[in-house]
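Reminder, nothing fancy here: chain letters follow the sequence lines and each chain counts from 1.
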Number of protein chains: 2
Amino acid sequence: MLFTGTHIHKLDRKGRVSVPKRFRAALDNEEFAGIYLYQSHKESALEGCSHSHMERIAASLDELDMFSDEADDLADTILGSSHMLPYDGEGRIILPAELIEFARIEDQVAFVGRGRTFRLWNPDIFKPLQEASRTRTLNRGATLKLKPMSELPKGARPGTSDEEDAS
Amino acid sequence: MLFTGTHIHKLDRKGRVSVPKRFRAALDNEEFAGIYLYQSHKESALEGCSHSHMERIAASLDELDMFSDEADDLADTILGSSHMLPYDGEGRIILPAELIEFARIEDQVAFVGRGRTFRLWNPDIFKPLQEASRTRTLNRGATLKLKPMSELPKGARPGTSDEEDAS
DNA sequence: TGGGAAATGATGGGGGTCAATGGGATTTGA
DNA sequence: TCAAATCCCATTGACCCCCATCATTTCCCA
């Protein structure tokens with residue numbers, strides 16, 4: 001249920017790319033067999049998430065005032081620009097030309113896990129950024145304060161399950 | 001059950017336009033095979049929704065003071081000016097001339113998903129506005145506070161279903 | 001522990017199917 | 001009787017299903 005690691009796959013000349021097995025596994029028993037992608041606000045990258053995560057975004061937008069400018073902007077930016085991409089029989093998606101262009105992707109795609117979501121990059125662009133990010137983190141001596149186990153959602157702890165049948 | 005993405009379709013010279021397959025799918029098992037459209041009160045666009053969402057709007061209006069000016073105005077703008085548009089055999093609707101004129105639509109129509117609802121635009125008008133939205137979102141450093149999974153409607157979470165038989 | 005066999009995931013490509021579109025024919029309603 | 005709406009069918013091109021091949025990992029047993 002977590003997206004982790006960096007996986008580099010090939011974009012074939014039909015515009016298809018395999019979604020890493022690990023990511024698909026994190027997404028099974030979703031009602032929609034596929035992923036959502038939209039343009040990142042900050043980076044030359046694509047944001048990826050599951051159907052249920054997208055439902056979560058929509059539900060959270062409902063909470064904002066229906067007519068607020070902020071809700072409008074977020075709806076246009078995220079919901080309006082997202083692409084719902086189903087798998088083919090082999091677990092691939094078709095990357096829309098618009099997104100390929102935006103992320104300046106050429107013949108390879110890097111799937112980078114970010115926990116509940118993930119990003120897609122041109123590997124040549126991502127690599128130097130990752131290095132820089134690592135350096136900053138080290139220099140800062142960053143420490144991440146971990147939540148106590150007991151506050152984690154059920155299913156994220158050993159010995160529990162959030163499935164009816166986790167076979 | 002969620003409207004996402006931007007889909008640009010052609011308006012033919014009979015005034016017909018195909019409703020995107022994905023939107024029709026989000027609307028099946030509605031009792032009315034078609035969509036509702038009404039003029040947006042903020043934008044040069046048309047607001048679109050399902051029959052059941054229209055019911056929800058009507059119910060919300062009931063909550064307001066029946067004789068308040070606000071209820072009057074909303075009833076006039078939304079319910080009074082809404083058009084109930086059935087599909088033809090191919091999943092198209094006929095865009096009423098009044099709405100075409102209001103949204104300044106020419107030969108193309110952009111269907112833009114907004115979660116529970118969607119909007120129809122002249123693509124040439126929408127595109128720059130969406131860019132502006134993206135820029136504002138970025139500058140605002142907008143972070144959307146996500147609702148916890150547990151508060152989502154049933155069927156929006158993996159491992160649950162809102163169907164009698166989800167086969 | 002090394003080698004080989006088997007399983008699984010990634011990649012390439014052909015062809016059928018279906019959504020989007022265009023237009024003619026028939027019906028309906030003013 | 002005419003105009004507009006609905007039904008019906010034809011066309012086309014993108015997408016999806018299917019299969020074949022290749023690469024990698026896993027497994028098994030000597």
Ignoring hydrogens and angles, does a donor from either the side chain of E90(A) or the base of dC19(D) sit under 3.5 Å from an acceptor on the other? yes
Apply salt bridge (charged side-chain N to carboxylate O under 4.0 Å, His left out) to R116(B) and E55(A), showing your working. CA-CA 10 Å; R116(B) 314 289 168 211; E55(A) 288 270 5; 3.5 Å; yes
Between P of dA10(C) and CZ of F23(A), the distance in whole Å: 11 Å
Quickly work out the Q108(B) CD to dA20(C) P distance and round it to whole Å. 14 Å
Ion pair present between R136(B) and D69(A), side-chain N to carboxylate O less than 4.0 angstrom? no
Euclidean distance, atom CG of residue L85(A) to atom C1' of dA14(D) [Å, nearest integer]: 15 Å
Please name the pair of heavy atoms, one in L27(B) and one in G34(B), separated by the smallest distance, quoted to 0.1 Å. CD1-O, 4.3 Å
Name the closest nucleotide to the I94(B) side chain, picking from dG12(C), dC16(D), dT6(D). dT6(D)
Does the base of dG13(C) carry an N or O that pairs as donor and acceptor with the side chain of R16(A) under 3.5 Å? yes
Once you round it to whole Å, what is the distance between P of dT21(C) and CG of D107(B)? 11 Å
Answer with base, sugar-phosphate or nothing: what part of the nucleic acid does V19(B) contact at a heavy-atom distance below 4.0 Å? sugar-phosphate
Can you tell me the distance, in whole Å, between the CG atom of D88(B) and the C1' atom of dA4(D)? 14 Å
Side-chain donor or acceptor of R22(B) paired with backbone N/O of T4(B) under 3.5 Å: no
Can you check whether any acceptor in the base of dG22(C) is under 3.5 Å from a donor in the side chain of R92(B), or vice versa? yes
Pairs meeting criterion ring pair (Phe, Tyr, Trp, His ring centres under 6.0 Å) with involvement of residues 114-137 of chain B, two or more places apart: F3(B)-F118(B), F23(B)-F118(B), W121(B)-F126(B)
Note: for K21(A) and H9(B) on DNA chain C, the residue whose nearest nucleotide lies more 5' is K21(A)
Side-chain N or O of R24(B) versus OP1/OP2 of dA20(C): is the shortest distance under 4.0 Å? yes
Whole-Å distance, Y87(A) OH to dC15(D) P, equals 19 Å
For dT21(C), does OP1 or OP2 lie under 4.0 Å from any side-chain N or O of S18(B)? yes
Atom CG of L11(B) to atom P of dT21(C): distance rounded to whole Å? 10 Å
Send over the distance from I93(B) CD1 to dA5(D) P, rounded to a whole Å. 13 Å
Whether K10(B) contacts dG22(C) is assessed here as follows: a side-chain N or O lying under 4.0 Å from the phosphate OP1 or OP2. Is that the case? yes
Assuming nearest nucleotide by heavy-atom distance, tell me which of K14(B) and R22(B) is located more 5' along DNA chain D. K14(B)
